[in-house]
Amino acid sequence: MGLVFRWKKEHGGVEAMEKYSGEKSSLIYNIVDHSSGFYSCPVDKNCRSRTNVPFRIGSEDGCDVLEKKFVDMAIEKGMIQLKGHR
């Protein structure tokens, strides 16, 4: 764990990590919120997490086919463990 703490300290410490976390989650939430319902987030805006960004694809209830395709394409791009639980 020493390497992670050293990296965080070198990159601005807790304050910078908090800012970076907010920026990253805001990018995703903005896409979800402005997708005309293609993506939906089941969490009220005032309760949203910056570390776990849940969303459904296709509708509020999701579409298994689209969600599987999303996860499969993400894996091809090197993004793993994106599929969560409901």
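Atoms CD1 and SG, from I28 and C41 in turn, are 10.5 Å apart once rounded to the nearest 0.5 Å.
Every pair passing side-chain hydrogen bond (donor to acceptor under 3.5 Å, both in side chains) that includes a residue from residues 68-80 is listed here, sequence neighbours excluded: K68-D72. Residue pairs meeting the ring pair (Phe, Tyr, Trp, His ring centres under 6.0 Å) criterion with at least one member in residues 61-82, sequence neighbours excluded, are F55-F70. Annotation: side-chain hydrogen bond (donor to acceptor under 3.5 Å, both in side chains) contacts involving residues 2-17, sequence neighbours excluded, comprise W7-H11. Applying the side-chain hydrogen bond (donor to acceptor under 3.5 Å, both in side chains) test to every pair with at least one member in residues 26-40, sequence neighbours left out, gives these pairs: D33-R48.
In this structure, L27 stands alone, with no Ile, Leu, Val, Met, Phe, Trp or Tyr side-chain heavy atom under 4.5 Å from its own, directly or through other members.
E23 pairs by the side-chain hydrogen bond (donor to acceptor under 3.5 Å, both in side chains) definition with K19, not counting sequence neighbours. Applying the side-chain contact (heavy atoms from CB on, under 4.5 Å) criterion to L66, with sequence neighbours excluded, gives F38, I57, C63. With sequence neighbours excluded, no residue forms a side-chain contact (heavy atoms from CB on, under 4.5 Å) with A16.
Side chain of R56 to backbone of D61: a donor-acceptor contact under 3.5 angstrom is found.
Residue M73 places its CE atom among 12 or fewer non-hydrogen atoms of other residues, nucleotides or ligands, all under 6.0 Å distant.
Both V32 and M79 are part of a single hydrophobic cluster, where members link through side-chain heavy atoms under 4.5 Å apart. Hydrophobic clustering, with ILVMFWY side chains joined whenever heavy atoms are under 4.5 angstrom apart, keeps V53 apart from M17.
Taking both residues in full, the closest heavy atoms of V71 and K83 are given as CG2-CB, 4.0 Å, listed atom of the first, atom of the second, then distance. Closest of all the heavy-atom pairs between E67 and G62 is OE2-CA, 3.5 Å.
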